[in-house]
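The structure appears right after this line, and notes come after that.
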Amino acid sequence: MARYPPLALAAIIASAASFGSDAFTARPSFGAPRSSAALRMSSYPTTASDILWTPSIKSGARDEQIGPITNYCEDLYSVVRRKTRTVECGPIKFGSEHPIVRQTMATTSTADVEGTIEQVMRCADKGFDLVRVTVQGKREANACAKIREGLFQKGYDIPLCADMHFQPVIAQLVADAVEKIRINPGNFADGRKDFEEKVYESEDDYAKEREYLMEAMLPLVEKCKSLNRAMRIGTNHGSLSSRVLSFYGDTPRGMVESAIEFADICRSQDYHNFVFSMKASNPLVMVQSYRLLAAEQYRLGWDYPLHLGVTEAGEGEDGRMKSAVGIGTLLADGLGDTVRVSLTEDPEFEYEPCNALADMAASRLATNPDAAARQAAVKTYVDTRDITAFDRRHGALPEPKEGDKVDVSGFLHKDGAVISAVTPDMLTKENIPYLYAGLGCKTAVGMPFKDVATSDSIFMREVPPTEDTDARTALRRLAEVSVGLIVPAEELEKDPLPNAVALMDLEEAIEKEGKLPVGAIRLAVTVHGTEDEDTILKIKDLAPSMILLKTDPSVSNLHSSRRLFEILKKENIDTAVIHHFTTDTDDSNLLALEMGTRVGALLTDGDGDGVLVEQTGSKTPFSLDFIRKTSFSLLQGCRMRNTKTEFVSCPSCGRTLFDLQETTAKIQESTGHLPGVTVAVMGCIVNGPGEMADADFGYVGTLPGKIDLYYGKEVVRKSVPEAEAVDSLVDLIKEYGMWKDKETEEEEEA
């Protein structure tokens with residue numbers, strides 16, 4: 001953001017003060033909000049009954065009056081940004097005619113004016129365009145005015161966004177001080193989050209409650225319009241109101257309809273300076289919600305920008321991976337005008353992944369000649385995906401045949417397979433124990449066994465020679481415990497490997513009519529996305545155990561892959577498809593982002609049965625173990641295969657009532673070995689109860705030094721002292737029968 005010399009800023013501040021009490025830099029504190037009557041324009045609706053609400057989706061009126069949903073993005077076959085209006089937020093602009101806005105959220109207490117100023121300055125220096133701060137009450141609203149003025153005095157014009165929950169009156173006050181207000185439809189008017197089930201006899205009963213939404217929202221809309229403030233209507237999957245939950249359920253449709261109601265109020269006042277967001281901790285829910293909202297905007301003729309984010313994504317590679325799956329998928333569709341990567345880390349660390357995702361998106365746009373050429377090179381196909389419902393394609397597992405000496409059904413996994421690339425140096429005698437460990441095998445007396453997160457198969461470009469008995473014995477032992485051995489057919493023809501899976505390019509397999517080399521027991525084919533449809537249809541006759549999808553660099557990976565899956569669906573070919581991803585990066589964070597964006601976008605479509613990550617180039621900076629774990633993290637982030645505890649942890653903000661990073665690390669250390677269990681770690685009550693709905697257990701700060709523990713939606717232990725809370729959480733998991741002790745590795749016998 002721009003920085004000004006002190007004398008120039010003094011002039012700006014003095015100029016703002018001269019405009020009176022509405023100037024956000026002129027108020028160090030706030031009195032009562034101005035009367036809404038003084039602001040209201042008589043020509044605009046003043047009650048809910050006066051508003052022309054968007055036609056009902058449940059009754060079918062929307063389809064009847066406007067027509068069905070048709071598209072959710074500008075172009076299904078190339079990457080074109082969705083056309084939006086421009087939304088102004090101080091010196092920055094959101095919308096398709098402007099660069100993607102990078103933003104973050106302060107973790108300081110907003111009441112700590114100097115601390116917040118310093119953190120916002122660090123974020124601006126890092127490169128962020130906007131910083132959000134939490135506003136719980138009048139104290140924080142007053143502090144916002146001082147923060148805004150302090151930033152101006154230090155030469156920073158980076159806009160601020162006030163994060164509002166529960167407090168409509170406070171939102172009006174803080175609008176004087178900041179450039180943007182974020183409101184949450186789930187709790188802005190409802191007062192507090194609860195799970196009280198409401199019964200609506202009819203849609204009219206549901207609609208009657210819009211009056212109190214109007215009463216809460218109208219004064220803020222009028223204020224924002226008069227001051228030209230921006231607003232984000234930010235729906236959160238974890239904090240849908242009990243009203244919406246009762247009528248629509250805990251669904252993407254409920255999230256979209258909640259946002260549309262609040263947008264209808266804004267539009268009734270001819271106020272259009274707002275953006276939408278549809279955040280969820282589950283990337284699949286998040287992607288479906290944004291796509292559905294975009295589709296509804298196309299149908300309604302709306303053009304409001306989208307703020308993208310996966311809420312409570314977590315930390316480290318997992319947090320970056322989950323964010324890339326959600327955000328990267330949507331950016332690849334041309335959706336999204338501003339991005340926030342929510343990590344359980346200091347806000348400055350969010351910039352690199354945020355910026356990388358935005359840069360990746362820009363590089364894929366059809367305005368880039370190279371990207372346009374790759375997208376145009378994809379052969380013609382018809383995209384039939386239904387974005388209103390999620391449906392995962394399940395590829396067939398390899399089936400046993402008479403005479404098999406190994407169990408081939410374990411070469412893949414029904415919930416998603418991980419295939420590990422193995423190089424010759426990993427098979428030397430001294431490295432074999434490390435190979436087993438890197439593949440995630442348990443061992444007893446030197447023998448490998450499959451565990452919950454063991455690689456399902458391995459891929460070798462070269463095989464050790466027959467005379468290397470140590471390496472060959474290691475491979476035989478892996479095959480005996482149902483680890484597939486995938487090797488290029490030409491290598492097997494040179495030196496056969498018993499029980500191997502022979503890999504051929506599809507054209508080669510067709511030419512050889514699927515004939516296997518000596519010793520091989522199954523066929524796998526590589527598809528590059530450049531094949532014509534008749535060639536792809538030959539897969540049905542070849543009946544390979546799997547397809548490795550390794551797209552040619554000359555075609556768009558996203559669109560050529562979608563084309564393949566469309567052909568397979570049309571012809572009822574159920575062969576499992578493994579995404580073969582190659583990388584030469586040495587940055588673990590970038591690897592997570594690339595995998596989440598490139599492979600995750602397809603898995604989020606429901607297309608793909610696993611992943612093979614292969615390091616290319618002269619260096620292989622990542623260990624076999626790291627690549628395997630990262631691959632399993634991708635599958636778990638795409639809600640396919642759970643191999644470890646799933647953590648939903650908020651990114652921290654001024655509301656947080658404990659040290660979130662330290663506490664999350666303690667909880668992960670104590671409970672991270674429980675696959676199939678989801679633990680939510682929430683710094684405060686705002687999204688806490690809602691996210692408990694997506695978790696088995698919850699750890700939520702309620703008062704300083706006190707923690708509430710949840711089982712599902714229910715508080716089962718209240719006001720647990722923070723020092724005892726992690727142990728109490730472990731006891732709770734045991735109480736509900738979901739605990740198992742950590743396994744210790746057995747010592748090998750001599």
Side-chain angles (χ1 to χ4, degrees), residues 279-287 308-332 336 339-345 349-361 415-420 440 453 455 557-558 578-579 581-583 585-605 607-608 610-615 621-623 625-651 664-665 668 672 675 678-681 694:
K279 293 194 178 185
S281 58
N282 180 333
L284 296 189
V285 172
M286 175 262 197
V287 168
L308 303 185
V310 176
T311 192
E312 287 97 29
E315 62 179 355
E317 286 83 15
D318 281 356
R320 287 159 175 80
M321 178 81 75
K322 197 183 292 186
S323 292
V325 168
I327 297 169
T329 295
L330 294 166
L331 290 173
V339 171
R340 192 261 170 121
V341 175
S342 302
L343 300 176
T344 310
E345 302 175 17
F349 292 103
E350 294 181 355
Y351 181 76
E352 297 300 337
C354 181
N355 189 57
L357 288 173
D359 285 347
M360 288 178 195
D415 296 324
V418 167
I419 299 177
S420 293
S455 300
N557 174 70
L558 178 67
I578 304 299
H579 294 287
F581 173 75
T582 58
T583 179
T585 185
D586 59 359
D587 183 332
S588 61
N589 291 330
L590 184 58
L591 175 66
L593 295 175
E594 289 179 343
M595 288 175 62
T597 297
R598 189 176 171 92
V599 181
L602 293 158
L603 296 179
T604 303
D605 280 346
D607 290 333
V611 61
L612 159 60
V613 177
E614 182 183 13
Q615 298 183 82
F622 304 118
S623 68
D625 181 67
F626 178 82
I627 292 290
R628 173 183 61 86
K629 289 178 176 176
T630 304
S631 298
F632 275 115
S633 291
L634 173 65
L635 297 183
Q636 185 152 328
C638 293
R639 293 302 193 266
M640 291 177 65
R641 183 174 175 184
N642 287 330
T643 52
K644 59 185 177 182
T645 310
E646 177 76 9
F647 290 100
V648 178
S649 57
C650 74
T664 300
Q668 288 177 337
T678 301
V679 178
V681 185
D694 199 34

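Note that the coordinates shown come from a computational prediction; the quantities given were computed from them, not determined experimentally.
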**Prompt:** Who pairs with Asp587 by salt bridge (charged side-chain N to carboxylate O under 4.0 Å, His left out), at least two apart in sequence or on another chain?
**Reply:** none
**Message:** For Ala324 versus Leu593, what's the shortest heavy-atom pair and its separation?
**Reply:** CB-O, 3.5 Å
**Item:** Ser588: partners by side chain to side chain donor-acceptor pair (under 3.5 Å), with sequence neighbours left out
**Value:** Glu317
**Prompt:** Do you know the tightest heavy-atom contact between Ser323 and Val341?
**Reply:** OG-CG1, 3.5 Å
**Request:** Spell out, as yes or no, whether a donor-acceptor pair under 3.5 Å connects the side chain of Glu350 to the backbone of Leu343.
**Result:** yes
**Close side-chain approach of Leu331 and Met360, heavy atoms under 4.5 Å** = no
**Message:** According to side chain to side chain donor-acceptor pair (under 3.5 Å), who are the partners of Asp586, at least two apart in sequence or on a separate chain?
**Reply:** none
**Message:** On a heavy-atom basis, which atom in Pro283 and which in Lys322 lie closest, and how many Å separate them?
**Reply:** CG-CG, 3.3 Å
**Message:** Can you confirm whether Leu603 sits close enough to Met640 that some side-chain heavy atom of one is under 4.5 Å from a side-chain heavy atom of the other?
**Reply:** yes
**Prompt:** Counting only N and O atoms by type, is there a donor-acceptor contact under 3.5 Å from the side chain of Arg639 to the main-chain atoms of Val285?
**Reply:** no
**Asked** Of all heavy-atom pairs between Ser631 and Val613, which one has the smallest distance, and what is that distance?
**Response** OG-CG2, 3.6 Å
**Fill in**
Those residues at least two apart in sequence (or on a different chain) that pass ring pair (Phe, Tyr, Trp, His ring centres under 6.0 Å) with Tyr351 are Phe128
**Asked** Mind checking what makes ring pair (Phe, Tyr, Trp, His ring centres under 6.0 Å) contact with Phe622, not counting sequence neighbours?
**Response** Phe626
**Fill in**
Residues at least two apart in sequence or cross-chain that pass salt bridge (charged side-chain N to carboxylate O under 4.0 Å, His left out) with Asp605, listed by chain then number, are Arg291, Arg385, Arg562
**Request:** Measure the shortest side-chain to side-chain distance between Leu590 and Thr583 over non-hydrogen atoms and say whether it is less than 4.5 angstrom.
**Result:** no
**Request:** Could you tell me which residues satisfy side chain to side chain donor-acceptor pair (under 3.5 Å) with Ser420, sequence neighbours excluded, listed by chain and number?
**Result:** Ser455
**With sequence neighbours excluded, residues passing salt bridge (charged side-chain N to carboxylate O under 4.0 Å, His left out) with Arg598** = none
**Message:** Evaluate Leu330 against Met286 for side-chain contact (heavy atoms from CB on, under 4.5 Å), listing each step before the verdict.
**Reply:** CA-CA 10 Å; Leu330 294 166; Met286 175 262 197; 3.6 Å; yes
**Beyond-backbone contact of Pro675 with Arg641, side-chain heavy atoms, under 4.5 angstrom** = no
**Message:** I'd like to check the salt bridge (charged side-chain N to carboxylate O under 4.0 Å, His left out) partners of Glu614; sequence neighbours left out, ordered by chain and number.
**Reply:** Arg461
**Prompt:** Between Thr585 and Glu594, is a side-chain contact (heavy atoms from CB on, under 4.5 Å) present by the stated rule, with each step listed?
**Reply:** CA-CA 9 Å; Thr585 185; Glu594 289 179 343; 4.0 Å; yes
**Message:** Less than 4.5 Å apart, side chain to side chain, heavy atoms only: is that true for Gln668 and Val681?
**Reply:** no
**Request:** Sequence neighbours left out, what passes side chain to side chain contact (heavy atoms under 4.5 Å, CB included) with Asn642? Give chain and number order.
**Result:** Gln636
**Prompt:** What is the distance from atom CD1 of Ile419 to atom CD1 of Ile627, rounded to the nearest 0.5 Å?
**Reply:** 14.0 Å
**Prompt:** In this structure, which one of Met321, Arg320, His579 forms a side-chain contact (heavy atoms from CB on, under 4.5 Å) with Met595?
**Reply:** Met321
**Request:** Answer yes or no: is there a side-chain heavy-atom contact under 4.5 Å between Leu635 and Asp415?
**Result:** no
**Prompt:** Which residues pass the side chain to side chain donor-acceptor pair (under 3.5 Å) test with Ser633, sequence neighbours left out?
**Reply:** Asp318, Lys644
**Item:** Candidate list Leu591, Leu634, Asn557, test side-chain contact (heavy atoms from CB on, under 4.5 Å), partner Phe581, passing option
**Value:** Leu591
**Request:** For Val310 and Ser281, work out which heavy atoms get closest and say how close.
**Result:** CG1-O, 3.9 Å
